[in-house]
Asker: 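Below you'll find the structure I mean.
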Amino acid sequence: MSASNENESNNFLETIIEEDLAAGRHDGRVLTRFPPEPNGYLHIGHATSICLNFGLGLKYDGKTNLRFDDTNPSTEETEYVESILSDVEWLGFKPANVFYASDYFPELYGFARDLIKKGCAYVDDSSAEEIATMKGTPTQVGVNSPFRDRSIEENLELFEKMKNGDFKEGTHVLRAKIDMASPNMIMRDPLLYRIKFAHHHRTGDTWCIYPMYDMAHGQSDSIEKITHSICTLEFVPHRELYDWMIDKLEIYPSKQYEFARRNLSYTVVSKRKLLRLVQEGHVKGWDDPRMPTISAMRRRGYTALAIREWAKRVGIAKRENLVDLGLLEFCVREDLNRLSVRVMAVLQPLKVTLTNFQEDKTEWLETENNPEDPEAGVRSLPFTKTLWIEQDDFMETPPPKYFRLSPGGLARLKSAYIIQCDEVVKDDSGQVVELKCTYFENSKSGEDTSGLKPKSTIHWVSAERAVQAEIRLYDRLFTVENPGTDDRDLLELINPESLTVISNAQVEPALAETNPGDQYQFMRLGYFATDPDSTPDHLVFNRTVTLKDTWKKVAGRN
RNA sequence: UGACCCAUAGUGUAACGGUAGCACUCCGGUUUUUGGUACCGUCAGUCAAGGUUCGAAUCCUUGUGGGUCAACCA
């Protein structure tokens, strides 16, 4: 039964579930659900909820439903349903069932009638403003609606007229009859049904009244016999109403538990704010790799395993939090280090001419695809008289501890030969444009008899054989850790360097065969994924995440 | 001038009332044809004050700090 092992501690939800199981509650079942509203794309916050709900289902030999909370036809669209379905699948989870709250509309309507019959609900003719005013404030009790004491018969008749479309939008609502003086604002006669002449993405024009969250969510849980209904902290005040409904309706006693949603540093996880970034064109779309949406992270090259591992490491609790983006990046590197093929790419090319290498000659050198995985095999690299190396890998006047190439110095070209820099060529402005070097023929990788000990190994590509590529370098979307939590407008906080495009990078010829979604480690630079925009004539790579760069840190201190 | 939720290293998260642990970060080191990876090590924490107890991160009280609640949204 309990899959918990002693090495891993339980979170508070696992503790609750294990107690329930031990006490034989819910017939020993565990049935959770992930209930997105199809009005936007899933983001990293949803990912934690998905991992939590499906993870609990898996851990306790239970099941997890995917249920679309589609009770508001004016904001919900099929496009979102489809993206959510594919995101959940991509993350690696299989719902036991895919349900829609809209499928329960007839049953929910029946529940509403039941409440009326029990004297627990009434039709209110007040306007939205009047209802808001009568609600009172957190520190001031509300007042009863003048329509609160209608007879059951009259309420039934009015509610049916609402359903039949006899009233205009906004003229009538169905409310629960609870307590206008409750310290919990949610319990002050909450709205249950409203009139909306809107086309629903699934039920079309069948209905013109739609249930509110509190009349739909918990009841849907009960219909499905959900055992543990897990939601975020903002729903804590709703739990009292959730339980009230179960009590009055005498339906399956699902239980609601709340956890604190995960906040990620340097980004926002609010549908409203993300929507704004998309609509105002600050990013190129929901799947712009700078976005914290699942589709964007996928495009950028984050793996599902990395995201799941991240969710596991972060854990779950009830306190406010701001998770360091660095942990997500750590998980991404960890997974990509394991699986990605190493290739060489030069982002800022500097020409190197090997003065003692034969003109027009190409020597093919062997290199391993992944040192972490011998099974990944080897491939060949063309080595020629002129090469590109990274501008950062040469310094005319190197600071102490700079190991790379400098005038008169040595460096190993990865999987090739040791070279020595003999001459620095500059243009009129003093810019270094070329290095004239000699290579040591007896220093070939794997059969080096030169006895030379260069202090570093650098990456390179053949200038004659390299392929040009566009590289998109991504950085954090915002300049501050917790954007959107003070008065400053979000737009002021957008990182102007969140995207840097390099159009003339030189990559090794093996990359000409790449396909969208392929992932690589560009040696010494980072992990990169081939973008969907990439074509054989115009290669495009997204930088998923950089490699850890100890030198950059050391150099930055000086 | 209300009700509810929360408070453990920089960050995140553990600890039947019984040695405050783990991960990331930071810092230092070993290995390395990636200044990557791997491995080793250091620094660092119970919001405060009372109370209960042989013993309190844990239970109680008060305070402090943070969050949530007044959409015909979910």
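Heavy-atom basis, side chains included; hydrogens, waters and symmetry copies ignored. Lettering follows sequence order; numbering is per chain, from 1.
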Asker: Nearest to the Lys318(A) side chain among C6(B), U1(B), G12(B), which nucleotide is it?
Answerer: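 Comparing C6(B), U1(B), G12(B) against the side chain of Lys318(A), the answer is C6(B).
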Asker: Check whether any side-chain nitrogen or oxygen of Lys444(A) sits under 4.0 Å from OP1 or OP2 of U33(B), and answer yes or no.
Answerer: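 Checking U33(B) against Lys444(A), no side-chain N or O comes under 4.0 Å of OP1 or OP2.
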Asker: Can you measure from CE (Met297(A)) to NE2 (His43(A)) and round to the nearest 0.5 angstrom?
Answerer: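 That separation rounds to 10.0 Å.
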Asker: With heavy atoms under 4.0 Å as the rule, sort Ile458(A) into base, sugar-phosphate or nothing.
Answerer: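 Since no nucleic acid heavy atom lies under 4.0 Å of Ile458(A), the category is nothing.
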Asker: Please determine whether a side-chain nitrogen or oxygen atom of Arg262(A) lies at a distance below 4.0 Å from atom OP1 or OP2 of U13(B).
Answerer: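 Answer yes for this pair, as a side-chain N or O of Arg262(A) is under 4.0 Å from OP1 or OP2.
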Asker: Can you check the distance between G67(B) and G28(B), where both ends of the measurement are the C1' atom (answer in whole Å)?
Answerer: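 Result for the C1' pair: 39 Å, nearest Å.
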Asker: Heavy atoms only, 4.0 Å cut-off, all strands: where does Ser126(A) land among base, sugar-phosphate and nothing?
Answerer: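 Result for Ser126(A) = base.
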Asker: Would you measure the distance from the C1' atom in A74(B) across to the matching atom in G41(B) and give it in whole Å?
Answerer: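 Looking at atom C1' only, A74(B) and G41(B) are 50 Å apart.
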Asker: Report yes if the ring of Tyr213(A) lies under 5.5 Å from the six-membered base ring of A74(B) with planes under 30°, and no otherwise.
Answerer: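 So no, this residue does not stack on that base, at least one cut-off failing.
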Asker: Using the C1' atom in both, what is the distance from C59(B) to U46(B), to the nearest Å?
Answerer: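 Looking at atom C1' only, C59(B) and U46(B) are 16 Å apart.
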Asker: Contact class for Thr550(A) vs. all strands (heavy atom < 4.0 Å): base, sugar-phosphate, or nothing?
Answerer: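 It contacts sugar-phosphate atoms only.
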Asker: Which distance, rounded to the nearest 0.5 Å, do you find between the OH of Tyr193(A) and the CG of Leu108(A)?
Answerer: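 The CG atom of Leu108(A) is 4.5 Å from OH of Tyr193(A), to the nearest 0.5 Å.
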Asker: Does Lys553(A) make a side-chain N or O approach to OP1 or OP2 of C26(B) shorter than 4.0 Å?
Answerer: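 Checking C26(B) against Lys553(A), a side-chain N or O does come within under 4.0 Å of OP1 or OP2.
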Asker: Got a donor-acceptor pair under 3.5 Å from the side chain of Arg524(A) to the base of U34(B)?
Answerer: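 By the distance-only test, no, there is no pair.
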Asker: What pair of heavy atoms forms the shortest contact from His459(A) to Met523(A), and how long is it?
Answerer: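 Reported closest heavy-atom pair: ND1-O, 3.5 Å.
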Asker: Are OP1 or OP2 of U34(B) and a side-chain N or O of Ser456(A) less than 4.0 angstrom apart?
Answerer: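 So the side chain of Ser456(A) is outside the cut-off, no N or O lying under 4.0 Å from OP1 or OP2 of U34(B).
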Asker: For Ile418(A), answer base if it contacts any base atom (sugar-phosphate contacts may also be present), sugar-phosphate if it contacts only those atoms, and nothing otherwise; contact means non-hydrogen atoms under 4.0 Å.
Answerer: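 If one applies the 4.0 Å heavy-atom cut-off, Ile418(A) turns out to touch nothing in the nucleic acid.
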Asker: Applying the ring-ring contact (aromatic ring centres under 6.0 Å, His included) test to Trp460(A), which of Tyr439(A), Phe383(A), Trp388(A) qualifies?
Answerer: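 Going through Tyr439(A), Phe383(A), Trp388(A) one by one, the ring-ring contact (aromatic ring centres under 6.0 Å, His included) with Trp460(A) is satisfied by Phe383(A) alone.
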Asker: So what is the 5' to 3' dot-bracket string for RNA chain B, if pairs are Watson-Crick or G-U wobble with both distances under 3.5 Å, crossing pairs use [ ] and | means the partner sits on another strand?
Answerer: .((((((..((((....[..))))..((((.......)))).....(((((..]....))))))))))).....
Asker: For nucleotides C43(B) and U34(B), find the distance between their C1' atoms and express it as a whole number of Å.
Answerer: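 Rounded to whole Å, the distance is 29 Å.
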Asker: Can you tell me how far P in C4(B) sits from the matching atom in U62(B), rounded to whole Å?
Answerer: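 Approximately 12 Å lies between the P atom of C4(B) and that of U62(B).
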Asker: Which heavy atom of Arg33(A) sits nearest a heavy atom of Cys231(A), and at what distance?
Answerer: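 In this case the closest contact between Arg33(A) and Cys231(A) is NH2-N, 4.2 Å.
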Asker: Kindly indicate whether the side chain of Ser445(A) and the base of U33(B) share any N or O donor-acceptor pair separated by less than 3.5 Å?
Answerer: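 Yes, a donor-acceptor pair under 3.5 Å.
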Asker: Tell me the interatomic distance from Leu328(A), atom CG, to U25(B), atom P, rounded to whole angstroms.
Answerer: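 The distance from CG of Leu328(A) to P of U25(B) comes to 13 Å, rounded to the nearest Å.
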Asker: Taking only the side-chain nitrogens and oxygens of Arg272(A), find out if one of them lies under 4.0 Å from OP1 or OP2 of A71(B).
Answerer: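 Answer is no, no contact under 4.0 Å.
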Asker: Are the side chains of Leu347(A) and Glu390(A) in touch, meaning some heavy atoms are under 4.5 Å apart?
Answerer: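 They are in side-chain contact.
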Asker: With sequence neighbours excluded, what pairs up with His228(A) under the ring pair (Phe, Tyr, Trp, His ring centres under 6.0 Å) test?
Answerer: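 Residues passing ring pair (Phe, Tyr, Trp, His ring centres under 6.0 Å) with His228(A): His26(A), Tyr257(A).
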Asker: Go through A74(B), C5(B), G35(B) for me and flag the one nearest to the Phe235(A) side chain.
Answerer: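 The closest nucleotide is A74(B).
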Asker: What does Asp549(A) touch in the nucleic acid at a heavy-atom separation under 4.0 angstrom: a base, only the sugar-phosphate, or nothing?
Answerer: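 The answer is sugar-phosphate, as Asp549(A) gets under 4.0 Å only of primed atoms, P, OP1 or OP2.
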Asker: Are Thr267(A) and Arg476(A) packed together at the side-chain level, in the sense that at least one heavy-atom pair is separated by less than 4.5 angstrom?
Answerer: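 When only atoms from C-beta onward are counted, Arg476(A) and Thr267(A) do not touch, as no gap falls below 4.5 Å.
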Asker: As a test of reading the structure: which of G36(B), C73(B), A14(B) is closest to the side chain of Asn11(A), going by heavy atoms?
Answerer: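 The answer is A14(B).
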Asker: Does a nitrogen or oxygen in the side chain of Arg194(A) sit under 4.0 Å from OP1 or OP2 of A71(B)?
Answerer: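 Answer is no, no contact under 4.0 Å.
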Asker: What is the nucleic acid contact for Val173(A), judged by heavy atoms within less than 4.0 Å: base, sugar-phosphate only, or nothing?
Answerer: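 It contacts base atoms.
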Asker: Just checking Tyr402(A): base, sugar-phosphate only, or nothing, at a heavy-atom cut-off of under 4.0 Å?
Answerer: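 Base: the residue Tyr402(A), judged by heavy atoms under 4.0 Å, touches a nucleobase.
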Asker: Round to a whole Å and report the spacing from CD of Glu481(A) to P of C24(B).
Answerer: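 Taking CD of Glu481(A) and P of C24(B), I get 19 Å after rounding.
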Asker: Any base atoms under 4.0 Å from Ala128(A), or only sugar-phosphate, or nothing? Heavy atoms, all strands.
Answerer: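 Here Ala128(A) touches the bases of the nucleic acid.
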Asker: What distance, rounded to whole Å, do you find between the two C1' atoms, one in A44(B) and one in G10(B)?
Answerer: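 That atom pair is separated by 9 Å.
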Asker: Flag yes if more than 12 heavy atoms outside Glu441(A) fall under 6.0 Å of its CD atom; otherwise flag no.
Answerer: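 Check fails, neighbour count at 12 or below.
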Asker: As an exercise, state the distance from CD1 of Ile419(A) to CD1 of Ile389(A), rounded to the nearest 0.5 Å.
Answerer: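 Reported value, rounded in 0.5 Å steps: 6.0 Å.
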Asker: Could you tell me whether Gln521(A) contacts a base, only the sugar-phosphate backbone, or nothing, with contacts defined as non-hydrogen atoms closer than 4.0 Å?
Answerer: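 Base, at least one base atom sits under 4.0 Å.
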Asker: Check the phosphate of C72(B) against Ser127(A), side-chain N and O only, distance under 4.0 Å to OP1 or OP2. Yes or no?
Answerer: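 So the side-chain polar atoms of Ser127(A) never come under 4.0 Å of the phosphate oxygens OP1 or OP2 of C72(B).
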Asker: May I ask you to say what Leu327(A) touches in the nucleic acid, namely base, sugar-phosphate or nothing, with a heavy-atom cut-off under 4.0 Å?
Answerer: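 It contacts sugar-phosphate atoms only.
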Asker: How far does the P atom of U61(B) sit from the matching atom of C72(B), given to the nearest Å?
Answerer: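 Per the computed distance, 37 Å lies between those P atoms.
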Asker: Please work out if Lys552(A) contacts a base, only the sugar-phosphate, or nothing of the nucleic acid, heavy-atom cut-off 4.0 Å.
Answerer: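 Contact class for Lys552(A): none.
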Asker: Assign Lys414(A) to base, sugar-phosphate, or nothing according to its heavy-atom contacts below 4.0 angstrom with the strands shown.
Answerer: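 Base, at least one base heavy atom under 4.0 Å.
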Asker: If I pick the P atom on A70(B) and the same atom on A56(B), what distance separates them, to the nearest angstrom?
Answerer: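 These two P atoms come out 42 Å apart once rounded.
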Asker: Could you tell me whether His238(A) contacts a base, only the sugar-phosphate backbone, or nothing, with contacts defined as non-hydrogen atoms closer than 4.0 Å?
Answerer: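 His238(A): base contact, heavy atoms under 4.0 Å.
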Asker: Under 4.0 Å: is that the gap between some side-chain N or O of Lys455(A) and OP1 or OP2 of U33(B)?
Answerer: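 No, because none of the side-chain N or O atoms of Lys455(A) sits under 4.0 Å from OP1 or OP2 of U33(B).
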